[in-house]
Amino acid sequence: MSRKKKAVSLAALAVAGTMLLAACTSSSKTTTTPKASSSNANGSDTNVAAAFNAATTGVVGKTTKTGGTLKLLANGDCDSWDPANTYYAWCWNMQRLFTRTLVGYSSIPGANNVKIEPDMATALGEHNADFTQWTYKLKSGLKYENGNPITTADIKYGIERLFATDVISGGPNSYYLASIDAPAGYKGVYKGGDLASILTPDANTITFKLKVPYADFDYLMSLPAAAPVPAKVEGGPGFVGDKYTLHPVSSGPYKIESYTPNKQISFVRNTNWDQATDSIRKPLADKIVLTIDTDPDDEDKQLQSGQADAEADGGVQSTFQSAISTTPDLKKNADNPVTGFTRYLVVFQTVKPLDNVHCRNAIFYAINKSDLRRARGGTYGGDIANTMSPPILGGYDSAANPFPTGADSTGDLAKAKSELAACGQPNGFSIKEAYVNKGRGTSVFEATQVALARVGIKVVSAPGDQSTYYSKFIGSPANIVSAGLGIGQAGWGADFPTPYGFWNSITNGKDILPTGNTNYASLNDPVVNGILDGATTGKSTADDFKKLDAQVMKDAVMLPYVYDKTLFYRNPRMTNVRVNFALGGYYDFVNAGTADGK
């Protein structure tokens with residue numbers, strides 16, 4: 001999703017010896033589910049001097065000095081600050097400021113830092129032999145910002161909220177709805193009440209009973225959607241249900257001081273958070289302020305002048321990118337990490353004439369991936385993609401290229417015209433392209449428009465608002481049809497670092513929702529569904545995911561063009577700066593500080 005949490009440059013994982021991933025390390029070994037540890041052999045928590053990509057390998061300006069205000073910018077607001085209702089990658093990173101979960105990602109930096117460890121729990125989950133029952137114990141001394149104790153009843157309540165899909169519709173709730181045992185038609189906590197399959201025999205113990213085996217369940221307990229929510233209280237009077245986003249209650253080291261939607265949100269220290277209970281977060285700044293600036297170039301100017309410390313939701317634009325690439329003093333404060341995202345165009349098969357596969361194929365052959373890559377930032381923007389699966393996951397096939405677009409990746413126009421003739425549109429047709437009309441989105445639209453015009457396919461602009469683009473614009477199958485959208489810009493990274501964590505939300509035909517839908521193409525392919533079903537029971541291998549990738553490409557509903565990289569800039573005054581690969585390749589703001597204490 002140009003939004004989801006991304007998997008990145010990871011050592012191969014296999015969940016409890018079942019969910020196979022192809023190795024991405026030089027040793028080419030697969031391992032079992034990572035257990036809690038205080039170190040990561042593939043990462044480094046040592047101090048490194050400011051240099052290009054330094055924050056991808058160590059900690060730039062490592063310190064324990066506290067104080068000051070971290071000043072962040074974003075081009076748009078989060079889709080939601082409600083941990084259950086957010087699905088943007090950068091927002092998941094920001095959730096670490098004020099929410100905790102049973103399981104979290106290691107605080108150790110480095111290119112392969114995707115290991116999980118206990119967060120609020122005393123250990124990773126204990127499961128039965130077939131992975132259908134998972135139990136966790138809470139650490140003692142956990143408190144909300146108001147001083148009230150955090151209990152397992154609050155974790156249960158937070159999960160029950162996910163079943164209220166009429167209220168919670170933007171987050172990754174499909175994982176929980178598909179795995180946790182619930183009565184048919186259960187409507188969630190607001191209308192359905194208690195869910196008997198989540199047991200809380202005491203304030204510190206919680207057991208989940210599943211309807212299907214789920215070897216990846218620890219990963220579900222690491223997502224923001226699994227954060228505790230005060231049982232029956234939520235954010236207080238007036239801040240219940242879909243209003244909780246305005247006042248989510250903090251369980252983390254920071255709490256929300258003030259929030260003006262689409263303008264600014266500020267965080268200050270949560271004095272009831274206890275460092276002794278948290279091995280993942282070691283906050284330094286006294287305050288963190290995120291300001292929404294809808295002009296990406298203005299954001300870059302603030303960064304370059306030192307008025308801001310970093311951009312929370314993306315990388316720099318072309319003008320500042322050029323300055324960074326040619327100015328050593330700027331470049332040493334920049335990082336260009338692999339993100340684990342695949343950037344692609346969704347081709348909406350529910351809108352004519354794209355219900356005809358040959359019309360869809362024509363788009364695939366006519367696209368100019370070289371220009372799209374240039375629109376995403378050129379070499380800083382990533383590598384040309386020929387299939388959906390990112391190279392860091394099991395199921396990636398480096399030899400696969402089902403829609404060749406020439407040695408220079410500019411397109412095969414003869415083949416595109418042949419496909420147009422086969423679909424009965426020899427002179428082309430007109431379609432609308434959905435995108436966010438800011439930053440890279442506009443450049444990608446223009447490159448798409450020029451590329452497809454070469455074979456008579458006219459592309460018309462259909463911009464959407466950033467904060468609702470994925471949840472209600474292309475995330476609503478009904479809106480796609482009513483608005484007549486033909487293609488849409490998207491990006492996707494794994495919700496957690498397994499092939500299933502990448503593929504399930506965007507391809508599972510059983511999880512298509514009326515709003516907040518992440519299977520944007522409304523794909524419902526029996527081959528794909530079958531492999532995903534097999535993954536939850538440990539039967540699907542890396543070879544199976546190669547077949548899944550090939551089938552998705554054959555269906556011609558997702559057109560990948562770049563395996564994403566992003567160019568970030570860090571203000572030299574920032575300390576303790578590291579790239580958090582497990583949470584999208586963004587800077588780990590919860591652990592960052594300021595050198596001047598201002």
Side-chain angles (χ1 to χ4, degrees), residues 5-10 38-40 42-48 50 53-66 68-74 78 88-101 103-117 119 222-224 252-254 267 269 273 275 278-290 308-315 333-340 493 496-497 566 568-595:
K5 189 174 68 147
K6 314 165 191 174
V8 287
S9 301
L10 53 132
S38 59
S39 65
N40 180 348
N42 293 309
S44 170
D45 61 354
T46 58
N47 181 62
V48 293
N53 270 338
T56 67
T57 60
V59 182
V60 178
K62 186 176 181 180
T63 183
T64 58
K65 178 183 177 181
T66 61
T69 298
L70 197 63
K71 302 171 185 177
L72 306 179
L73 299 172
C78 271
Y88 283 10
W90 72 275
C91 297
W92 283 16
N93 189 41
M94 295 295 293
Q95 285 281 328
R96 279 164 63 90
L97 300 179
F98 65 98
T99 62
R100 295 181 65 182
T101 46
V103 176
Y105 284 92
S106 170
S107 61
I108 305 299
N112 293 325
N113 178 37
V114 294
K115 289 195 173 185
I116 51 175
E117 60 183 64
D119 185 0
S222 74
L223 303 185
Y254 294 94
F267 302 87
R269 293 277 190 157
W273 168 84
Q275 179 71 77
D278 195 336
S279 63
I280 291 175
R281 304 161 190 81
K282 294 180 173 60
L284 297 178
D286 285 340
K287 187 172 184 177
I288 298 177
V289 178
L290 173 73
D309 295 315
E311 290 172 283
D313 64 339
N333 295 306
D335 300 281
N336 190 213
V338 174
T339 67
F496 41 88
T566 301
F568 295 106
Y569 182 80
R570 42 184 153 81
N571 189 327
R573 83 177 191 119
M574 281 182 68
T575 59
N576 243 49
V577 189
R578 58 166 289 237
V579 169
N580 190 335
F581 283 113
L583 290 168
Y586 297 99
Y587 293 130
D588 190 17
F589 296 121
V590 72
N591 290 311
T594 63

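Computed over heavy atoms, backbone and side chain alike; hydrogens, waters and symmetry mates excluded. In this chain, residues are counted from 1 in sequence order.
P253 and V590 make their closest contact through CG-CG2, 3.8 Å (heavy atoms, listed as atom of the first residue, atom of the second, distance). Between A54 and V60, the shortest heavy-atom contact is CB-CG2, 3.8 Å. A592 approaches L70 most closely through the heavy-atom pair CB-CD2, 4.0 Å. A pairwise comparison of heavy atoms in A312 and W90 identifies O-CB, 3.1 Å as the closest pair. Heavy atoms only, all atoms of each residue included: R570 and V577 are closest at CD-CG1, 3.7 Å.
To the nearest 0.5 Å, the span separating CH2 on W273 from OH on Y254 amounts to 8.5 Å. The distance from atom CE of M574 to atom NZ of K71, rounded to the nearest 0.5 Å, is 12.5 Å. Rounding to the nearest 0.5 angstrom, the gap separating the OG atom in S106 from the CD1 atom in I116 is 11.0 Å. Remark: M94 CE to I288 CD1 distance equals 6.5 Å, nearest 0.5 Å. One distance of note links CG of L72 with CD of E311; it measures 10.0 Å at 0.5 Å rounding. Separation of atoms CG (D119) and OG1 (T101) is listed at 5.0 Å; rounding is to 0.5 Å.
Classified by interplanar angle (parallel below 30°, tilted 30° to 60°, perpendicular above 60°), the ring pair F267/F98 is parallel.
Residues that satisfy the salt bridge (Lys or Arg N to Asp or Glu O under 4.0 Å) test with D286, not counting sequence neighbours, are R269. Shown here are the ring pair (Phe, Tyr, Trp, His ring centres under 6.0 Å) partners of F589, two or more places apart in sequence or in another chain: there are none. The ring pair (Phe, Tyr, Trp, His ring centres under 6.0 Å) search around Y569 returns F320, not counting sequence neighbours.
Under a 3.5 Å cut-off, the side chain of K65 and the backbone N or O of A595 do form a donor-acceptor pair. Formation of a donor-acceptor pair under 3.5 Å by the N53 side chain with backbone atoms of N336 is found in this model. A donor-acceptor contact shorter than 3.5 Å links the side chain of N576 to the backbone of T63. No donor-acceptor distance shorter than 3.5 angstrom exists from the side chain of Y105 to the backbone of S222, with no hydrogens or angles considered. With hydrogens and angles disregarded, a donor-acceptor distance shorter than 3.5 Å links the side chain of N93 to the backbone of Y587.
Residues N333 and N571 fail the side-chain proximity criterion, which asks for heavy atoms closer than 4.5 Å. Taking 4.5 Å as the limit, some side-chain heavy atom of Q275 sits within range of a side-chain heavy atom of P283. Looking at heavy atoms from C-beta onward, D278 lies in side-chain contact with R100 at the 4.5 angstrom threshold. A heavy-atom distance below 4.5 Å is found between the side chains of R573 and D309. Side chains of T66 and L284 form a contact here, defined as non-hydrogen atoms less than 4.5 Å apart.
Each of D335, T57, D588, T56 was checked for a side chain to side chain donor-acceptor pair (under 3.5 Å) with R578, and the lone residue meeting it is D588.
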### Task
Please lay out, stage by stage, how W92 and L223 fare under the test side-chain contact (heavy atoms from CB on, under 4.5 Å).
CA-CA 8 Å; W92 283 16; L223 303 185; 3.7 Å; yes
### Query
Can N591 and R281 be said to form a side-chain contact (heavy atoms from CB on, under 4.5 Å), step by step?
CA-CA 6 Å; N591 290 311; R281 304 161 190 81; 4.2 Å; yes
